[in-house]
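Just so we're on the same page: letters track the sequence lines, and every chain starts at 1. Predicted, not measured: the structure shown is a model, and the values here were computed from it.
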Number of protein chains: 2
Amino acid sequence: MIDKHLMKLRARDDISAEEEQALYDALGEVLHYPADHTFITAGKELDRSTLLLEGILCRYKDLSDGERQITELHVAGDFADLHSFTLKHLDHNVMTLTPAKIVQVPHERLKRITEQHPHLARVLWFSTNLDAAIHREWEVSLGRRSALQRAAHLFCELQVRLGIVGLATEHEFALPLTQVDLAECLGLTSVHVNRVLKELRERKLVEFRSSRVAIADLAGLRRVAEFDPAFLYLDKRAR
Amino acid sequence: MIDKHLMKLRARDDISAEEEQALYDALGEVLHYPADHTFITAGKELDRSTLLLEGILCRYKDLSDGERQITELHVAGDFADLHSFTLKHLDHNVMTLTPAKIVQVPHERLKRITEQHPHLARVLWFSTNLDAAIHREWEVSLGRRSALQRAAHLFCELQVRLGIVGLATEHEFALPLTQVDLAECLGLTSVHVNRVLKELRERKLVEFRSSRVAIADLAGLRRVAEFDPAFLYLDKRAR
DNA sequence: CGCTGCTTTGAAGCCCTTCAAACCAGGTGG
DNA sequence: CCACCTGGTTTGAAGGGCTTCAAAGCAGCG
């Protein structure tokens, strides 16, 4: 059931059979959520974390004028809110962008992992630090990259992250988001996202339509985005 | 020596005398760095973390055109790169913005903490998750807030964070940064930062000059920034 | 007293937003 | 089976917030 999560972890470190079992033992209830469903609200006390099995989630914050900023996208195999284990409540909301299948992991069982499996605990710690690395890369995009580069960079990031769990090739992947969703990731208006997507299409770099990303020229796309996958920590080593 | 770090941790959870001792036992060499000194470079293997005792540090990424984005500021009491414990190398650089006094903490000794002090390990994990929360708030600023709001929000954040370690009052705190430094935090040009600071001054909200922030109207400043300190997790509870 | 780094100000321009409306595909119901 | 509705996409025109370029002002210091 958590094969994609294991793929993600094992791309970064060795996970023993015993540790794999400890993870399985930590699993709780499996749930199916519809699209556009906010299932974690900022400030609310949490006693379990959410491991995404299928679909796409996002973390987001709302502003007073109705604007929204998505701070991270989550794909299958990601813990959406592992950080709630130490934070106890979150500073942001989490919602589904597509229909999603998730499995809950009670914090009580995560606590046991920190007590009985220090290495696995460090790997989980690593994985929250990986989320922070993604945040940092988004800060760079939002602060310093042009609209075209931001969009290109996001597609590059998703191609790698989905590739790790077998959901993307060099040429394409499914991405059932709207242009509004993308705009909320990129700090742009959906109108401008539309124009940027048009330019990426005309430059024969990438095509985003009918819920798919078709990459015409991955090298060119990465060049435009100045994409360096180092921030995704794909080197496998002891954590 | 690490009293400010303990103040920071104890604002979020209880730290026992035994845990405090474990932290002291983990300390290594104390170093003094000059201002504008990059002492951690992206990609370089690390075997120790850096606890800031005095001064201001920043994490930053450089872009090909010479632009720079600062992704977080660090104040006394912060671990600047505790996340390198699980990441092993970083995706960003770390530099001093002022002269700084730091103490190194070998990863080997942090590993021992994860094995012998699970609760303290969770508190340290929490503290890297707090950095991620700050990243998210910056994403919101960079993606959705106006230049004026971004600057106001940063001052509010620093007032709280410095206040926790006794380095800020409701009315003022030392901040020996240049307008160029601020611009690199805020995703703006230094020219525009200058205009924004002028407006904050004219609106009688906050004055930034000669290395100090003088807050004329904290409530008004927070209103302009739409500042909510919840993302700093100041509620004390078991982690 | 002149250098250096930082701050301040002005003028022009551009990237992205705003506002508005048309277009399009998929699903529903008469 | 088409008319209609709805959510999403596309395009145009005008405007604004921030950048760019340029230069002057200013404080600290050797």
Side-chain angles (χ1 to χ4, degrees), chain A residues 34-37 56 63 65-69 95-99 141-154 174-203 206-214 224, chain B residues 34-37 56 63 65-69 95-99 141-154 174-203 206-214 224:
Chain A
D36 294 313
H37 171 57
I56 294 181
L63 293 167
D65 60 353
E67 300 240 55
R68 169 176 299 181
Q69 179 65 43
M95 73 179 287
T96 58
L97 292 176
T98 69
S141 275
L142 293 165
R144 292 291 178 217
R145 293 194 178 105
S146 69
L148 191 82
Q149 288 181 303
R150 287 184 218 182
H153 202 281
L154 181 58
L175 189 71
L177 305 190
T178 67
Q179 295 182 5
V180 173
D181 296 331
L182 289 181
E184 290 172 350
C185 292
L186 302 176
L188 301 168
T189 61
S190 64
V191 171
H192 199 61
V193 165
N194 182 278
R195 297 191 223 272
V196 160
L197 291 176
K198 183 181 179 184
E199 180 164 355
L200 287 171
R201 203 185 312 131
E202 287 171 354
R203 286 209 206 176
V206 63
E207 201 151 333
F208 173 68
R209 42 185 301 191
S210 54
S211 298
R212 294 202 71 77
V213 174
V224 165
Chain B
D36 294 314
H37 170 58
I56 295 182
L63 292 167
D65 59 352
E67 299 240 55
R68 168 176 298 181
Q69 179 64 43
M95 73 181 285
T96 57
L97 293 176
T98 70
S141 276
L142 293 166
R144 292 293 178 213
R145 293 194 177 105
S146 69
L148 192 82
Q149 289 181 302
R150 286 183 219 182
H153 202 282
L154 181 59
L175 189 70
L177 305 190
T178 67
Q179 295 182 4
V180 173
D181 296 331
L182 288 181
E184 289 172 352
C185 292
L186 301 175
L188 301 168
T189 60
S190 63
V191 171
H192 199 60
V193 165
N194 182 277
R195 297 192 225 271
V196 160
L197 292 175
K198 183 181 179 184
E199 180 163 356
L200 287 171
R201 203 184 314 132
E202 286 169 355
R203 288 211 206 174
V206 64
E207 200 150 333
F208 173 71
R209 40 186 301 189
S210 53
S211 298
R212 294 201 73 76
V213 174
V224 165

(request) In sequence, state the C-alpha distance, the side-chain angles, and the governing distance for B:Leu63 and A:Arg145, and then conclude on side chain to side chain contact (heavy atoms under 4.5 Å, CB included). (result) CA-CA 9 Å; B:Leu63 292 167; A:Arg145 293 194 178 105; 4.0 Å; yes
(request) Heavy atoms only: give me the nearest B:Thr96-B:Pro34 pair and the separation to one decimal. (result) OG1-O, 2.6 Å
(message) Could you measure the distance from the CG atom of A:Leu97 to the CG atom of A:Asp36? Nearest 0.5 Å is fine.
(response) 7.0 Å
(message) Are A:Asp65 and B:Arg144 packed together at the side-chain level, in the sense that at least one heavy-atom pair is separated by less than 4.5 angstrom?
(response) no
(request) Write down the distance between CZ (B:Arg209) and C1' (C:dT7), rounded to a whole number of angstrom. (result) 11 Å
(message) What I'd like to find out is whether the side chain of A:Val191 reaches to under 4.5 Å of the side chain of A:Arg195, using heavy atoms alone.
(response) yes
Which side-chain N or O atoms in residues 174-190 of chain A pair as donor and acceptor under 3.5 Å with protein atoms at least two apart or in another chain?
unit_1: A:Thr178; atom_1: OG1; unit_2: A:Val180; atom_2: N; d: 3.3
unit_1: A:Thr178; atom_1: OG1; unit_2: A:Asp181; atom_2: N; d: 3.0
unit_1: A:Thr178; atom_1: OG1; unit_2: A:Asp181; atom_2: OD2; d: 3.2
unit_1: A:Gln179; atom_1: OE1; unit_2: A:Asn194; atom_2: ND2; d: 3.0
unit_1: A:Asp181; atom_1: OD2; unit_2: A:Thr178; atom_2: N; d: 3.0
unit_1: A:Thr189; atom_1: OG1; unit_2: A:His192; atom_2: N; d: 3.2

(request) Do nucleotides 13-30 of chain D as a string where each nucleotide becomes B, S or -: B if the base has a protein heavy atom under 4.0 Å, S if just the sugar-phosphate does, - if no protein is that close. (result) B----BBBB---------
(message) From NZ of A:Lys198 over to P of C:dC16, roughly how many Å is that when rounded to an integer?
(response) 16 Å
(request) Figure out the CG/P separation between A:Leu142 and C:dC16, and round it to whole Å. (result) 12 Å
(request) Rounded to the nearest angstrom, tell me the gap between atom CG in A:Asp181 and atom C1' in D:dG7. (result) 12 Å
(message) When you compare the side chain of B:Val196 with that of B:Arg150, does any pair of heavy atoms fall below 4.5 Å?
(response) no
(request) Quickly work out the A:Asn194 CG to C:dT17 P distance and round it to whole Å. (result) 12 Å
(request) Please report, rounded to the nearest Å, how far the C1' atom of D:dG8 is from the CZ atom of A:Phe208. (result) 11 Å
(request) Compare every heavy atom of B:Val224 with every heavy atom of B:Ala152, then report the nearest pair and how far apart it is. (result) CB-CG1, 4.2 Å
Short N/O separations, protein against nucleotides 22-25 of chain C, under 3.5 angstrom:
none

(request) To the nearest 0.5 angstrom, please state how far the NZ atom of A:Lys198 sits from the CZ atom of A:Arg203. (result) 14.0 Å
(message) Measure CD/A:Glu199 against P/D:dT11 and give the value in whole Å, please.
(response) 13 Å
(request) Give the nucleotide from the list C:dT7, C:dT9, D:dT9 with an atom nearest to the side chain of B:Gln179. (result) C:dT7
(request) Whole angstrom is fine here: how far is it from CZ in A:Arg212 over to C1' in D:dT9? (result) 19 Å
